[in-house]
Amino acid sequence: MNTFNQFFFGIYPYICLAIFFFGSLVRFDREQYSWKSDSSQLLHDGQLRLGNILFHVGVLAVFFGHLFGLLTPLWFWDAIGVSHGAKQIFAMLMGGIFGLMALVGLILLIKRRFESERLSANSTWRDKLVLLWILATLLLGLLTIFVSMGHTDGHEMVKLMQWAQHIVTFRGEAADYLADVNILFKLHIFMGMTFFLIFPFTRMVHVWSGFASVTYLTRAWQVVRRR
Ligand code: HEM
């Protein structure tokens, strides 16, 4: 059991991150024509606007919530006087609200992709896999909220934070922090890490471009002159 834990939470995260970064780089270098969000608006317009907006607002909030929530060092929260319990409640509330928003949007997106004959026929198995993968990860994440209700003092959340911070700072004993957390956290983390592993092989690469488009805010003016 310990070896299992050490592999999945001590070594596997690095396998996923390596494939995520290196795979994205190779895909960008070798297959730029396939680097796109692969919009399906022209194939089937129905439910796209509502589903897509709900999903993206929810998932982006959850993504940044995880990033800041897991990676902000504990000393910072202590320094600004935010107790572990308050942070735990805030995480459950925000994760719950935006997670549900993403879930409703995702269900609409899944419905249209699988129910519209034209859209389904023009989708690759990867397009479908990615939607179902996010659905499973999201459902597991939402279920962990019920587990967290049992320890609102935040001590379990601190273990998850310690694990994530040890992983990104390459400290060896990371997996020990997850040894006795609830199985739902482990499954959610496994699905989340594996999402990074499959990311470069799917349309998910558009997320890189989504974030990179922020540079448009400071780009040079485009000068257009009359002939
Ligand atoms: C960084 C900002 C992002 C931008 C600008 C963006 C933009 C887009 C666009 C334009 C589409 C195509 C919609 C259409 O069919 O017309 C799309 C689809 C999609 N995006 Fe994003 N996205 C972003 C982040 C994310 C994130 C963080 C995730 C998930 C972790 C995600 C997951 C998806 C999925 C699963 C689809 C396919 C939905 C479908 O089946 O139609 N996106 N995105």
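Read the numbers this way: they start at 1 and go in the same order the structure lists the ligands and their atoms.
Within the structure, ligand 1 lacks F63 among the residues with a heavy atom less than 4.0 angstrom away.
The nearest protein atom to atom 16 (O) of ligand 1, hydrogens excluded, is given as S39 OG, 2.5 Å; this is a heavy-atom distance. Distance from atom 37 (C) of ligand 1 to its nearest protein heavy atom, with residue and atom name: R203 NH1, 2.6 Å. The protein non-hydrogen atom at the shortest distance from atom 41 (O) of ligand 1 is R113 NH2, 3.1 Å.
Between the side chains of K36 and S209, not a single donor N or O lies within less than 3.5 Å of an accepting N or O. For the residue pair S37 / R203, no side-chain donor-acceptor distance below 3.5 Å is found, with atom types taken as modelled. Side chains of H155 and D153: a donor-acceptor N/O pair is present below 3.5 angstrom, by distance only.
For Y12 and F190, the distance between ring centers is under 6.0 angstrom. Aromatic ring centroids of F63 and F68 lie 6.0 Å or more apart.
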Let me check something: any side-chain donor-acceptor pairs from residues 138-150 under 3.5 Å, sequence neighbours excluded? List them with distances.
| from | atom 1 | to | atom 2 | distance (Å) |
| --- | --- | --- | --- | --- |
| T144 | OG1 | G141 | O | 2.6 |
| S148 | OG | T144 | O | 3.2 |

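When non-hydrogen atoms are compared, ligand 1 lies under 4.0 Å from the side chain of F195 (C-beta onward) but not from its backbone. With a 4.0 Å heavy-atom cut-off, ligand 1 is reached by the side chain of L48 but not by its N, CA, C or O.
In this structure, Y14 and F170 have parallel ring planes: the angle between them is below the 30° cut-off, well short of the 60° mark.
For ligand 1, the atoms closer than 4.0 angstrom to any heavy atom of R112 are 41 (O). Counting the atoms of ligand 1 from 1 in the order shown, those under 4.0 Å from a heavy atom of S40 are 14 (C), 15 (O), 16 (O), 41 (O).
Within a 6.0 Å radius of CD in Q41, no more than 12 heavy atoms belonging to other residues, nucleotides or ligands are found.
The shortest N or O to N or O distance between D38 and ligand 1 is not under 3.5 Å.
Annotation: cation-pi geometry not satisfied between K186 and F9 (NZ/CZ under 6.0 angstrom from ring centroid, within 45° of ring axis).
Below the 2.8 Å limit, atom 21 (Fe) of ligand 1 has as protein N, O or S neighbours H56 NE2, H206 NE2.
Between T72 and L67 the shortest side-chain heavy-atom distance does not fall below 4.5 Å.
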